[in-house]
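A short worksheet on the structure shown next.
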Amino acid sequence: MDNRNIDIAGVAISPDHYIDGRRVASAETFELFSPIDQRLLGRVSEGLDEHVDAAIRAAAQAFPAWSALDAATRKPYLDRFAAEIGKRADALCQVESNDAGVLLSRMRHGVVPRAMLNITWFAEHALTLQQRPIETEQAHHRVRHDPAGVVVIITPWNAPLMLSTWKLGPALAAGNCCVLKPPEWAPLTCSLLADAAHAAGLPPGVFNVVQGTGARAGAKLVSDPRIARVSFTGSVPTAKWIAQAAGANLVPCSLELGGKSPFIVLDDADLDNAAATGALMYRNAGQVCLAGTRFLVHERIAERFIDTMRGYVERLNIGDPRDEATEVGPIIHPRQVERVNGFVERAVAGGARLLWGGQPHPFGAQYYQPTMLTNLQQHDEIVQNEVFGPVLTLQTFASDEEAIALANGTDYGLGGVCYGAQDHAVAVADRVRTGFIWVNSFGIRDLAAPFGGIKRSGIGREGGDWSFEFFCDVKDIVVPKKPFRASFSQR
Ligand code: NAD
């Protein structure tokens, strides 16, 4: 075992890059701490210019051979990749729980199975890509989905394994070669992904990992003119920077960004169900892009709804994410705790009223009480900006029109939740301007469905065919049905 490796619960994790099928150490490293108890987990290689250059070169060199395979030949590689992820399930659970603070139970039952499916589902779906002819009166159009080239994937810390595989699956299945830059606050499960890819026999250069900070490794990767695509999930300010850097080379970006999604409770909603789902918005300590964080509740039922939801929130178990009974774990980083607390303090100073929470949680320095604020104006900072912590807001409305206006009254447009009698809720959901919205439910995700946001929540869609539209160059090969004879009078 390499003595540079980081040890978490007996799992050895390489802190280094994975480039061209080999581990590469850096002369510079950065410290990594656990959100659970702030203990130093180890030091991780910083991605310097030379590593970015080597990774893109390796991916570009691997591209001709990998892209020349048909999807059916690539599929067994990817199925083996998923199987190797499965063999590492316990390690991945322990490591992401310690590194990112994600609940161990959620890793085991949700994230790891989904990470495997992210690889196998897209490998299977890629088989259908080249079989979609368009027949017109004049011509037979053979529509090809050709791999684009070197794809840069950049992911955030709140769901590193899930989001990395969500992008790697379709990118690799389509025949691209990838460079993944994991989040510097939670980079370790992406290192284990490299081990899985290696064990699965993915050819060198097809999948590379460059560790490092966003400002150095990330910025250098997205600015490189040799890349063909950037798939990014993260915050709005970073996305603007990336879009400019990649845009300078006309490199297309898929941007999955933050949210300030409405959670609408209509007057004919099943209040108990809505309140139970409401408490789920504290999952992952509220560090979930798609959570409904702005509660919009009909004034007639608001008091009853608040009391019911308070009951669910009071029963939440806050603590160590490795404990099976825990339902809400820590916030990722001391800076993020400060940010969350700052939002709450400014809101209260500005006249907001706390319905519950509002303080750091006694369990530890990086834990925060599930919090709900009310007595708010639509233009308030806490209503308009993403907190990305366990802090929700509640406003009331008197009519559907008002609910829809409030729901649409921010610059974000990622998701939403709408509780009410089915037809009523669907009619309201139709008019909420977001990339998706759940009716009388939350969190149902299917890999065939589109995912992404509008307005400041992002550009583009991933999932199903949409992932392939992004990761591929779509080409139309036009073959006329009748003999073609050139003529200037032809339209
Ligand atoms: P972030 O934007 O700070 O960082 C995301 C990634 O970008 C990290 O890997 C970081 O190293 C990298 N990065 C930072 N600066 C960069 C630069 N100049 N060039 C290239 N890369 C750079 O976001 P975060 O704080 O890690 O994550 C939280 C954000 O992510 C929230 O806004 C959340 O809503 C969003 N998010 C969105 C989704 C979605 O699917 N829409 C999912 C999860 C999280």
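Just follow the structure's listing: the first ligand is 1, and inside any ligand the first atom is 1.
- One side chain, T233 or K167, offers a donor N or O that lies under 3.5 Å from an acceptor on the other.
- With hydrogens and angles ignored, the 3.5 Å screen pairs no side-chain donor or acceptor of R346 with any backbone N or O of I382.
- For the residue pair R322 / N98, a side-chain donor-acceptor distance below 3.5 Å is found, with atom types taken as modelled.
- Within 4.0 Å of ligand 1, counting heavy atoms only, the contacting residues are I154, T155, P156, W157, N158, L163, K181, P182, P183, E184, G214, G218, A219, F232, T233, G234, S235, T238, W241, I242, E256, L257, G258, C289, E386, F388, L414, F451.
- In the model, T374 has no side-chain atom that pairs as donor or acceptor with a side-chain atom of Q395 under 3.5 Å.
- Side-chain contact, S191 with Q211: no donor N or O sits under 3.5 Å from an acceptor N or O.
- Judged by distance alone, the side chains of D16 and S45 do bring a donor and an acceptor atom under 3.5 Å apart.
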